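Take a look at the structure set out below.
Numbered from 1 within each chain, the chains take letters A, B, ... in sequence-line order. Treat the numbers as computed from the prediction; the structure is a model and nothing was measured. The analysis underlying the following values was restricted to heavy atoms, covering all of them including side chains, and did not include hydrogens, waters or symmetry mates.
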There are 2 protein chains.
Amino acid sequence: MASIKDVAAAAGVSVATVSRVLNAHPSVSADARARVLAAVEALEYRPNAVARSLRTDQTHTLGLVISDVLNPYFTELARAVEEEARALGYSVIIGNADERPDLQDHHVRNLLDRRIDGLLVSPTDGGSPLMLDAVRAGTPMVFVDRWIPGVDVPVVRSDGSAAVRDLVAHLCRLGHRRLAIIAGPAATTTGSERVEAFRAALAEHGIPLPDAYIGQGDFQAASGRRVTEGFLDLPEPPEVVFAADNLMALGALDAVRARGLRVPEDLALAAFDDIPWFVHTDPPVTAIAQPTGELGRAAVRALVDRIEGRTPASVTLAARLVVRRSCGEAGRPAVPAPMALEEPAAQSPSPVQRSTSVQRSAS
Amino acid sequence: MASIKDVAAAAGVSVATVSRVLNAHPSVSADARARVLAAVEALEYRPNAVARSLRTDQTHTLGLVISDVLNPYFTELARAVEEEARALGYSVIIGNADERPDLQDHHVRNLLDRRIDGLLVSPTDGGSPLMLDAVRAGTPMVFVDRWIPGVDVPVVRSDGSAAVRDLVAHLCRLGHRRLAIIAGPAATTTGSERVEAFRAALAEHGIPLPDAYIGQGDFQAASGRRVTEGFLDLPEPPEVVFAADNLMALGALDAVRARGLRVPEDLALAAFDDIPWFVHTDPPVTAIAQPTGELGRAAVRALVDRIEGRTPASVTLAARLVVRRSCGEAGRPAVPAPMALEEPAAQSPSPVQRSTSVQRSAS
DNA sequence: AAGACGCATGGAATCGATTACATCCGTGAC
DNA sequence: GTCACGGATGTAATCGATTCCATGCGTCTT
């Protein structure tokens with residue numbers, strides 16, 4: 001593969017001049033520039049990004065460490081991240097932590113070794129020493145979706161508490177009083193926050209959230225199934241299960257079916273995270289939709305700001321309730337303003353309308 | 001960030017000795033080794049992968065260019081690829097081509113600039129000059145899922161023709177005679193092959209495949225919907241639609257629902273590519289399941305073989321029909337051996353059993 | 001006409017590793 | 001006692017770029 005030396009030789013100039021042409025330095029004669037460009041063309045020369053990175057100490061690469069690629073929510077996030085990064089001249093290396101702190105550390109270490117310019121993380125846990133060290137060492141970092149409390153890193157996330165309140169109101173209106181939740185790992189912010197938002201919303205309606213109605217899941221489908229089976233075995237099973245992510249909702253659906261029961265007649269179901277497939281399940285699932293793409297893009301912008309010397313603020317976007325049929329038919333009149341009622345086959349392939357008005361707040 | 005020089009200084013040895021310790025070169029005294037390791041520990045030194053790559057001309061990185069990350073089939077493939085690569089000491093950089101040749105080229109170029117050790121590609125088209133040049137220049141490459149005819153690159157794929165035959169037999173047994181297909185882009189091998197397999201299987205039953213029953217899709221949900229609407233508008237609409245991938249099947253499902261029709265009563269549906277969600281749709285979708293994870297792993301092994309100087313052969317694994325309810329209930333007795341009848345909620349989160357006997361062939 | 005200035009250019013240092021080669025030293029063979 | 005050999009180590013070249021600095025030359029000022 002041709003190097004800058006070959007180009008210089010072919011063009012009859014020094015490597016310095018070739019480099020100047022390539023980097024659009026003004027001090028190059030038109031003649032030299034033309035000869036260099038001709039040589040570049042002839043040799044099909046492409047600068048070696050590895051060498052360039054060594055010299056400039058910039059890789060123009062972002063690392064993205066997510067908790068689970070197989071989760072459609074994170075897939076969509078990753079896609080948005082890559083798009084925005086590409087638009088800003090960066091590439092992205094994705095690390096899939098599979099909800100495992102050890103794998104997360106593996107990827108963080110690997111990415112740091114590769115001298116990525118910045119790191120986008122959706123932490124699986126409360127923060128490994130490695131990651132804390134990286135922050136302390138000044139690695140540009142931004143948390144997305146989940147974060148680690150007490151660490152001074154901008155967070156780009158969505159706030160679901162209003163949507164959870166809407167959800168609980170919706171459920172109450174349908175007459176449900178025994179509401180349970182399948183929580184995520186307590187070590188993650190999304191794991192604990194969603195439970196608290198749910199509890200607070202229930203309290204507004206004077207409904208308690210007994211411990212028996214809080215199931216401990218791990219954001220994977222199998223745990224959703226296991227927890228739901230536990231709920232169904234209770235002397236007084238809940239009427240509704242709210243899963244803190246889409247995969248656990250899937251597991252809950254499995255559990256209900258495996259017992260020959262029906263959603264929503266025997267057990268109603270709602271989920272955090274909306275995904276295109278929820279329109280097509282039997283029944284379509286009522287869910288809280290995050291502005292996933294916008295989160296990914298905002299996270300990249302914040303990270304690139306940080307890399308390029310500016311000081312980004314945290315971003316919080318609002319999530320939104322999307323009512324479908326998995327909690328029962330809303331026989332009663334209209335649903336209040338913030339909700340969207342949706343015909344199953346109304347839109348495709350991206351059936352969920354995104355909230356157009358988003359709320360931003362610095363933290 | 002500490003460099004090898006800092007370590008050398010701290011340990012009181014030369015950088016050469018540090019490098020020897022790090023690379024397990026035998027000619028290092030126990031004493032020197034201990035001092036170096038202590039210094040490494042104290043400084044939290046990590047070798048700079050960029051510098052190392054420049055010198056050794058190896059990045060220990062594979063590039064994976066896939067057609068669409070949002071397609072669960074490719075997501076699963078990507079995950080398997082990353083896992084196997086990690087096991088073999090490589091990292092993976094994923095490029096999402098979004099079924100766009102220009103984006104595919106962008107990623108290939110980017111990956112080559114970064115001097116990845118090898119490239120795994122699922123081409124969106126018949127082969128851009130860039131990719132052909134890369135092959136000619138000797139870049140280790142392996143095609144996965146799709147390939148480019150006439151290019152001398154190992155192919156790791158699955159052969160669906162037997163499964164398509166099983167599917168057609170299944171459909172005939174249910175009494176269907178008017179069968180249509182939503183094809184993928186003709187420029188892709190999977191686009192054209194699946195149509196041909198379908199046509200051949202139909203021929204065995206004496207059923208023609210008229211042009212009106214071949215819809216041109218692009219592997220995206222919207223096209224599946226559009227094509228299905230076209231089918232439904234026909235004076236004599238088909239009784240069954242076979243979508244050449246899972247997203248187009250989703251689009252077809254939308255189209256049917258949007259008209260207030262039902263699957264399978266009004267139109268039966270089958271898909272190529274099985275995904276976990278097909279168990280939960282209404283109705284569960286009959287699909288042809290590829291051994292996706294195994295494909296990804298085999299592809300990585302082939303590529304690493306090639307990188308490390310061995311000469312890998314192509315690999316072809318068999319796909320398998322998974323019967324669910326979207327083509328009608330099999331009121332008739334048992335289905336033949338190669339098919340698996342599956343209870344919707346039987347397994348989760350990975351409801352599709354993988355074929356254990358695979359067939360390999362060199363090409 | 002001489003000095004100052006600025007543009008175009010090349011030489012060489014540099015980034016952080018690996019590795020060929022030279023050197024030094026101790027041990028064993030004869 | 002001398003020589004050969006091999007193990008441990010350091011010096012320096014190298015990978016392919018970028019960039020500082022010096023140089024040469026043309027032009028403008030005074």
Next on the checklist: Any N or O donor-acceptor pair under 3.5 Å from the base of D:dG10 to the side chain of B:R20?
Outcome noted: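 Such a pair exists between side chain and base.
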
Next on the checklist: Within the 4.0 Å heavy-atom criterion, would you say A:S27 contacts the bases, only the backbone, or no part of the nucleic acid?
Outcome noted: base

Checklist entry - Just checking A:S29: base, sugar-phosphate only, or nothing, at a heavy-atom cut-off of under 4.0 Å? => result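 Sugar-phosphate: the residue A:S29, judged by heavy atoms under 4.0 Å, touches backbone atoms but no base.
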
Next on the checklist: Between A:V315 and A:R301, is the side chain to side chain contact (heavy atoms under 4.5 Å, CB included) condition met? List the steps.
Outcome noted: CA-CA 11 Å; A:V315 176; A:R301 284 193 297 266; over 6 Å; no

Checklist entry - Over how many whole Å does the gap from B:R35 atom CZ to D:dA8 atom C1' extend? => result 12 Å

Checklist outcome for this item: When rounded to whole Å, the NE2 to P distance for the pair A:H25 and D:dA17 reads 19 Å

Checklist outcome for this item: Per nearest nucleotide of DNA chain D, the residue lying toward the 5' end, B:R115 or B:S14, is B:S14

State whether [X] places a side-chain N or O below 4.0 Å from either non-bridging phosphate oxygen (OP1 or OP2) of [N].
X: B:R52; N: C:dT18; value: yes
X: A:K5; N: D:dA17; value: no
X: B:N23; N: C:dT18; value: yes
X: B:T17; N: D:dG10; value: yes

Next on the checklist: Counting C-beta onward and ignoring hydrogens, is there a side-chain heavy-atom pair between B:R136 and B:L132 closer than 4.5 Å?
Outcome noted: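 They are in contact (side-chain heavy atoms under 4.5 Å apart), so the answer is yes.
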
Checklist entry - Has the side chain of B:T59 got a donor or acceptor atom that lies under 3.5 Å from a matching backbone atom of B:R115? => result yes

